[in-house]
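Taking it in order: structure first as structure tokens, then the write-up.
Given the structure is predicted, the values throughout are model-derived calculations rather than measurements. Throughout, protein chains are lettered first and strands after them, A, B, ... in sequence-line order, and every chain is numbered starting at 1.
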2 protein chains.
Amino acid sequence: MSERKPRKDAARNRAAVLAAADELFARRTSPEDEVTMADIAAAAGVGKGTLFRAFGDRTGLIHALYEARVEPIRNAVEEGPPPLGPATPPLQRLPALLDAILCFKLDNRHLALALEGTGSDSPYQAGHYDRWHALLQAVLEQIPGLTDSDFTAHVLLAATRADLVEHLVGQRRLPPEGLRAQLASFTTKVLGSPALPGSPAEQIHS
Amino acid sequence: MSERKPRKDAARNRAAVLAAADELFARRTSPEDEVTMADIAAAAGVGKGTLFRAFGDRTGLIHALYEARVEPIRNAVEEGPPPLGPATPPLQRLPALLDAILCFKLDNRHLALALEGTGSDSPYQAGHYDRWHALLQAVLEQIPGLTDSDFTAHVLLAATRADLVEHLVGQRRLPPEGLRAQLASFTTKVLGSPALPGSPAEQIHS
DNA sequence: GTACGATTCGGACCGAGGGTCCGTTTCGAT
DNA sequence: ATCGAAACGGACCCTCGGTCCGAATCGTAC
């Protein structure tokens, strides 16, 4: 049971598609024109068939893109140094995690929007959500005096949803740093501890 | 500048469409088949043209449905007795409001899902959102010692989003009362007061 | 009751976008 | 060089929101 190695052209095309799609999602200035599959195929210089064979469907492609983008953060979270890494004390790690997630959505608004806008009750279908949720829940559980870690994790994630971020930063012109600060302050409120007035910690924020 | 009274058949058809659409959204057992405009037209026994002339577009129809459904709650909130009405002290009113919103989404899952799934950064486009947000913000502002009432209101509303509710209750089989209790407990946590262990108050919950 | 303009009806039609099919091309192993 | 397997690509299909316009209906004036 193993992966048969893909043919050279297949690999090249897959990479080209990822690059083109990434480009298209990133370049998108505000307006409301969708990134279409045909667009991506054209930009990558391949046929639509290739694109669907490589990724299955639109969701698959977006997941692949997303995966590539979050990988650095995942690494930092799973084996990196504090404040994101596992060695960080929970009370400090939780705000750091949320800030990292928020920064990611700020940096990849259109991609995150596309990811969360897939299907009808996404983003809760995507495996990514379950991972983040499990992580947050685990961290919350290590904090004494907190209850409902499951629901709390859901709400904290809901506070970073792409469309909310887009609404606040894109439409209502709230500066990103302001949003980060508000999320941080909200988080400390939820954690129940008296807010320590430090800034939300340096993040990757490529 | 006034409303020319509509023709009789127009009024009848409009009502028929609303009834049919309501029915379709309500009847929908779990499966993932979309309610389509053609479906609604067929169920109402009218042509698609009629439907679009009466409501403009899909969004308009869903808004009209939503409006009809929330009206009782709006009334209760704007001029009803405590715990929803304006005479209620803020610390008590806020959980009641959130519980009412949550109950509404529980009772109208498919409709709420359709409403929030419209466009790409909905539900923040719908005028309803702004109204709820303004109300929550105003109530929060009356509570001394709270900051960031704007952002807090956004997060509390995010905690009641239709797709989250659907995920928890529909997929993960969390019983509705459990969700209500968790939201209530989360709310009191956010309000910063020591949780008083009362149940989430009787609601309309038709 | 009838005539007639204004309004509404309704379903054929359109365009966009996701996804499929299959004849053609390219790969890479022998 | 040969040949089977894998990948290519774009024409094609389908669904769905939305439009159009000739036909049907309404309501008013007489």
Rounded to whole Å, how long is the line connecting atom [atom1] of [X] with atom [atom2] of [N]?
| X | N | atom1 | atom2 | value |
| --- | --- | --- | --- | --- |
| L61(A) | dG18(C) | CG | P | 11 Å |
| D39(A) | dG19(C) | CG | P | 14 Å |
| F52(B) | dC14(C) | CZ | P | 17 Å |
| K5(A) | dA29(C) | NZ | C1' | 12 Å |

Pick base, sugar-phosphate or nothing for T36(A), based on heavy-atom distances below 4.0 Å to the nucleic acid.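 Here T36(A) touches the backbone only, sparing every base.
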Considering every strand and a 4.0 Å limit on heavy-atom distances, what is the contact class for R53(A): base, sugar-phosphate, or nothing?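 Contact class for R53(A): base.
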Going by atom types only, do T50(B) and N13(B) share a side-chain donor-acceptor pair under 3.5 Å?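 T50(B) vs N13(B): no donor-acceptor pair found between side chains.
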If we ignore hydrogens and angles and just use 3.5 Å, is the side chain of [X] paired with the main-chain N or O of [Y] as donor and acceptor?
| X | Y | result |
| --- | --- | --- |
| R93(B) | V77(B) | yes |
| Q142(A) | P90(A) | no |
| D39(B) | V35(B) | no |

Can you name the residues that form a side chain to side chain donor-acceptor pair (under 3.5 Å) with S122(B), not counting sequence neighbours?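 Expected list: none.
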May I ask you to say whether D22(A) pairs ionically with R69(A), meaning some side-chain N is under 4.0 Å from a carboxylate O?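 Answer for the salt bridge query: yes.
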Side-chain ion pair, E34(B) and R58(B), N-O less than 4.0 Å: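 Salt bridge present between E34(B) and R58(B).
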Nucleotides bounding contact with chain A, strand DNA chain D, heavy-atom threshold 4.0 Å: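 Terminal contacting nucleotides, 5' to 3': dA5(D) to dG10(D).
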Mapping A54(A) and A38(B) onto DNA chain D by nearest heavy atom, which one lands closer to the 5' end?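 Its nearest nucleotide being more 5', the pick is A54(A).
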When you measure only distances, ignoring hydrogens and angles, does the side chain of R7(B) come within 3.5 Å of the base of dT8(C) through a donor and an acceptor?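 Not at all, since no donor on one side and acceptor on the other fall under 3.5 Å apart.
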Nearest-nucleotide 5' precedence on DNA chain C, M37(A) against T50(B):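 So the residue in question is T50(B).
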For H128(A), ring pair (Phe, Tyr, Trp, His ring centres under 6.0 Å) partners two or more places apart: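 For H128(A) the ring pair (Phe, Tyr, Trp, His ring centres under 6.0 Å) partners, ignoring immediate neighbours, are H63(A), Y66(A).
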Which residues in residues 8-21 of chain A have a heavy atom closer than 4.0 Å to any atom of DNA chain D?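 The answer is D9(A), A10(A), N13(A).
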Return the residues of residues 41-49 of chain A meeting this criterion: a heavy atom under 4.0 Å from some atom of DNA chain D. Order them by number, or give none.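 Nucleic-acid contacts, sorted: V46(A), G47(A), K48(A), G49(A).
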Distance (rounded to the nearest 0.5 Å) between Q137(A) CD and L157(A) CG: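 One gets 10.5 Å once the value is rounded to the nearest 0.5 Å.
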Just grab all the salt bridge (charged side-chain N to carboxylate O under 4.0 Å, His left out) pairs involving residues 125-139 of chain A, residues at least two apart or on different chains.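 Passing the test, one end in residues 125-139 of chain A: E67(A)-R131(A).
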Can you name the one residue among L135(A), T88(A), L102(A) that meets side chain to side chain contact (heavy atoms under 4.5 Å, CB included) with L97(A)?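 Among L135(A), T88(A), L102(A), the one that satisfies the side chain to side chain contact (heavy atoms under 4.5 Å, CB included) with L97(A) is L135(A).
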